[in-house]
Amino acid sequence: MPELPEVENVGRALKGNLQGQELTGLQVNFAGVLGQSPRATRKALVGKTLTNVHRHGKYLVLAFGEEPDAAYLMVHLRMTGQFFILEEYVPDKHVHLVFEFPDAPPVYYRDVRKFGRLELVADAHASEELAHVGPDMMTVRFADWHQRIAHRTAPIKSLLLNQGIAAGLGNIYVDESLFLAGVHPLARPCDLDEEVLRDVLKRGKAVMRLAIDHGGTTFLNFTNFYGKPGNFKRKLRVYGRGGEPCRDCGASLEKIVIGGRSSVFCGECQGGI
DNA sequence: GAATACCTGAGC
DNA sequence: GCTCAGGTATTC
């Protein structure tokens with residue numbers, strides 16, 4: 001499931017492979033992943049050059065052409081969106097879009113569950129969706145983030161998943177961040193010391209930076225990034241390990257549901273609520 | 001702030 | 001044939 005680190009690597013790969021390339025065609029196999037009609041999408045993008053790729057939280061904005069004729073495609077992979085840009089890639093029934101470039105292999109957009117969306121937006125930063133997305137988790141300053149979260153009474157896990165407060169964390173890295181900070185997922189930010197919250201943000205940034213670096217090595221040719229056991233999976237401390245022993249203290253990891261999300265934590269290391 | 005819808009495949 | 005997984009918008 002793509003969270004900020006995976007989206008960052010997708011963006012880097014798209015930019016690295018395609019910046020400066022002209023989009024000469026767009027094949028649409030399933031229009032439901034587009035925010036606009038295939039015709040409108042083609043009209044806006046085909047014939048323009050990919051000029052830049054920008055990430056905010058889990059969103060990517062692909063910039064085509066130059067102002068004043070620029071067009072922007074905002075991409076959210078949601079659960080299962082993937083891009084492939086491999087010469088020998090053989091598309092299957094889940095490939096919904098094919099972006100064609102004269103001097104590069106086609107780029108395939110694949111999405112098993114069709115949750116992902118690619119939609120035209122007016123500009124790179126001011127789309128309606130991004131308006132209610134908070135600052136990017138990797139670059140937000142502690143003072144800003146602290147001011148947004150410190151008074152809140154909901155479980156800290158839910159607030160870390162809330163993209164309106166800060167954007168980028170998903171279920172995996174939230175559980176990892178809270179474990180690394182030694183904070184119980186049900187703890188309320190209003191009850192936590194400033195220094196504890198500072199550590200939560202610091203650990204969150206650190207675990208995502210580490211994941212970005214790991215993705216970079218397995219992701220060069222876009223293959224096998226999702227679904228296969230990537231390098232980073234071996235580093236996970238709690239996610240997906242309910243009932244297994246804590247790697248730090250050996251206690252059995254607990255699994256509960258918070259805000260409808262499965263949550264794994266160590267009752268010993270992530271002490272009292 | 002909780003439940004539901006959106007989807008499909010994996011694993012029972 | 002059932003449950004689960006999960007990001008987000010929407011609806012209570």
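The figures that follow rest on heavy atoms only: side chains count, while hydrogens, waters and symmetry mates do not.
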N/O donor-acceptor pair under 3.5 Å between A:Gln36 side chain and A:Leu120 backbone: yes
Between [N] ([atom2]) and [X] ([atom1]): distance, integer Å:
X        : N      : atom1 : atom2 : answer
A:Asn162 : C:dT8  : CG    : C1'   : 11 Å
A:Leu159 : C:dT8  : CG    : P     : 15 Å
A:Ile258 : C:dA5  : CD1   : P     : 13 Å
A:Phe115 : C:dT8  : CZ    : C1'   : 9 Å
A:Ile256 : C:dA5  : CD1   : P     : 13 Å
A:Met137 : C:dG7  : CE    : P     : 13 Å
A:Arg78  : C:dT10 : CZ    : P     : 10 Å
A:Leu169 : C:dG7  : CG    : C1'   : 13 Å

task: Decide salt bridge (charged side-chain N to carboxylate O under 4.0 Å, His left out) for A:Asp92 and A:Arg110; before the verdict, give the C-alpha distance in whole Å, the side-chain angles of both, and the deciding distance to 0.1 Å.
output: CA-CA 8 Å; A:Asp92 63 12; A:Arg110 179 175 187 266; 2.9 Å; yes
- prompt: Could you give the distance from NZ (A:Lys58) to CD (A:Glu6), rounded to the nearest 0.5 Å?
  reply: 10.0 Å
- request: Name the nucleic acid region contacted by A:Lys255, choosing base, sugar-phosphate or nothing; use a 4.0 angstrom heavy-atom cut-off, strictly under.
  value: sugar-phosphate
task: Look at all strands and tell whether A:Ser158 reaches a base, only sugar-phosphate, or nothing, counting heavy atoms closer than 4.0 Å.
output: nothing
Span of DNA chain B, from the first to the last nucleotide whose atoms fall under 4.0 Å of chain A heavy atoms: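 Counting from the 5' end, contacts occupy B:dG1 to B:dG9.
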- request: Report yes if the side chains of A:Ile85 and A:Phe101 come closer than 4.5 Å at any heavy-atom pair, otherwise no.
  value: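 Of all side-chain heavy-atom pairs linking A:Phe101 with A:Ile85, none is under 4.5 Å.
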message: Please verify the inter-ring angle class for A:His96 with A:His94; under 30° counts as parallel, over 60° as perpendicular, anything in between as tilted.
response: perpendicular
message: Strictly below 4.0 Å: does A:His76 bring a side-chain N or O up to OP1 or OP2 of C:dT8?
response: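 The answer is yes; a side-chain N or O of A:His76 sits under 4.0 Å from OP1 or OP2.
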message: Side-chain N or O of A:Gln163 versus OP1/OP2 of C:dG7: is the shortest distance under 4.0 Å?
response: no
field: Nearest-neighbour nucleotide for the A:His132 side chain, C:dA9, C:dG7, C:dT8 considered
entry: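 So the side chain of A:His132 is nearest to C:dA9.
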- prompt: Checking ring-ring contact (aromatic ring centres under 6.0 Å, His included) against A:Phe84, which of A:Phe99, A:Tyr109, A:Tyr108, A:Tyr89 comes through?
  reply: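 Single ring-ring contact (aromatic ring centres under 6.0 Å, His included) partner of A:Phe84 among A:Phe99, A:Tyr109, A:Tyr108, A:Tyr89: A:Tyr89.
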query: Which comes earlier along DNA chain B counting from the 5' end, the contact point of A:Pro155 or that of A:Phe30, where each point is its nearest nucleotide?
result: A:Pro155
field: Check against salt bridge (charged side-chain N to carboxylate O under 4.0 Å, His left out), A:Arg188 and A:Asp191
entry: CA-CA 5 Å; A:Arg188 311 189 317 165; A:Asp191 295 333; 3.1 Å; yes
